[in-house]
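Heads up, the thing below is written out as structure tokens.
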Amino acid sequence: MKAIRIHTYGGPEVMVLEDIPPLIPGPGEVLVRLHAASVNFLDVQHRRGDLVKQEFYKEQGGLASTLPLTPGSQGVGVVETLGPDCPTRLKVGDRVLIFGGTGTYATHAVTRADRIMPIPDELDLDQAAAGLTQGFLAYAFTHKAYPVKPGDWCLVQAAAGGLGLLLVQMAKLRGGRVIGVTSTEAKGELVRQYGAEEIIVSSKSDIAKEARRITEGRGVHVVYDGVGKDTFAANLDSLGLGGYLIIFGQASGYIPPFDLMTLQEKGSLFITRTNGLPYRNDWPEFIPLLLEWTRAGKFVIPVDRKYSLAEAAQAHARFEQRQSSGRILLLP
């Protein structure tokens, strides 16, 4: 098999395509022949070494921390081999999604059986790689973490990104009104096409002031943010009384400790730092809704670009420079 390997943390150039010995699944594990891996900012942080000291990502996220390693936290493919003691629901030939682990930048990956989900027949594998996991995250954040109500103002940071565009659509499906924050006007126009009522270009405007202006001084009901440190203050200042800040990433770095009294001073705010794992039992509820929405054209999964495994460094460079809108895929 072939896999991208990194022998030291660093820039995109540290990723090298190598031949490695075949993987053998152990008890409760599954060997998947991969069709595609999605490129996520978590993979960029993993490659750079940003997560080495983060115990959560090793213990709960399943990310490898011993070099050399193969990056990649999500992928789709077909079950090739079942290890001993695998659940009877799985069989060779099943089309599956891998989530929450390491090693999908490869032709094959071994993962725990509880970290794979079936892929509906109506979704092709490119769509599944580009948006099944991210679509579920967008669903969980807008339907569970803060269930958007009709008429709610929702501010989405990095709205032109892969998850951002899905959050915009999910909030609209709930009847919300969306303010998309983008770095350029061109990205803003794209976000409008996906349903946002208003756009704030962060390089030209004060996010909080614009959010207050748009909402006639009341502030937004919820902010969805995967940026982290750089947007934290603006997020708090954009929220109205009792507003919710849903943080799901830290592309700009980790939010430093802060005084909890700040939440009271700014309007009795609520904050959560979450991912999809607490909502994994909602997967069976999500799949039929996703198929209904995609059939009706109410939910679109954009694929920005596809690269071969050998072009992984180029894909990372493009993604890290925020040049993508929609998901970038690596194809073995």
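We're numbering straight along the sequence, starting at 1. The figures that follow rest on heavy atoms only: side chains count, while hydrogens, waters and symmetry mates do not.
A pairwise comparison of heavy atoms in Val79 and Val30 identifies CG1-CG1, 3.7 Å as the closest pair. Here the shortest heavy-atom pairing between Ile4 and Ala312 reads CD1-CB, 3.9 Å. The two residues Asn275 and Phe141 come nearest to each other via the heavy atoms O-CE2, 3.9 Å. The shortest heavy-atom contact between Arg280 and Pro284 is O-CD, 4.5 Å. Residues Leu132 and Pro120 share a closest heavy-atom pair of CD2-CD, 4.4 Å. Nearest approach of Val168 to Tyr194, heavy atoms of both residues: CG1-O, 3.5 Å.
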Might you work through the ring pair (Phe, Tyr, Trp, His ring centres under 6.0 Å) test for Phe270 and Tyr146, ending with a clear yes or no? CA-CA 10 Å; Phe270 297 84; Tyr146 175 82; 9.6 Å; no
Side chain to side chain contact (heavy atoms under 4.5 Å, CB included) between Glu122 and Arg295, intermediate numbers included: CA-CA 9 Å; Glu122 289 186 47; Arg295 280 196 298 265; 2.8 Å; yes
Check the pair Arg305 / Glu311 against salt bridge (charged side-chain N to carboxylate O under 4.0 Å, His left out), numbers first and verdict last. CA-CA 12 Å; Arg305 193 166 295 193; Glu311 298 171 315; over 6 Å; no
Report the C-alpha separation of Tyr139 and Asp282 in whole Å, then their side-chain angles, then the decisive distance to 0.1 Å, and conclude whether the side chain to side chain donor-acceptor pair (under 3.5 Å) test is met. CA-CA 10 Å; Tyr139 172 79; Asp282 295 305; over 6 Å; no
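Panel note: side chain Asp259, backbone Thr262; no donor-acceptor pair is recorded below 3.5 Å. Looking only at distances, no side-chain donor or acceptor of Thr272 sits under 3.5 Å from a matching main-chain atom of Ile246. Side-chain N or O atoms of Arg5 include none that pairs as donor or acceptor with a backbone N or O of Met15 at under 3.5 Å. Under the 3.5 Å distance criterion, the side-chain polar atoms of Thr231 are matched with a main-chain donor or acceptor of Gly228.
At a threshold of 4.0 Å, the pair Arg174-Asp152 does not count as salt-bridged, since none of the basic side-chain nitrogens sits closer than that to a carboxylate oxygen. For the pair Glu80 and Arg33, the salt-bridge criterion is met [side-chain N within less than 4.0 Å of a carboxylate O].
Leu137 is not listed as a side-chain neighbour of Phe248, based on a closest heavy-atom distance of 4.5 Å or more. Looking only at side-chain heavy atoms (C-beta outward), Phe41 and Asp50 stay at 4.5 Å or farther from each other.
A continuous path of ILVMFWY side-chain contacts below 4.5 Å connects Leu69 to Leu309, so both sit in one hydrophobic cluster.
Proximity of the aromatic rings of Tyr105 and His46 is defined here by a centroid distance below 6.0 angstrom, and this criterion is not met. Taking the six-membered ring for Trp and the full ring otherwise, Phe99 and Phe136 have centroids separated by 6.0 Å or more.
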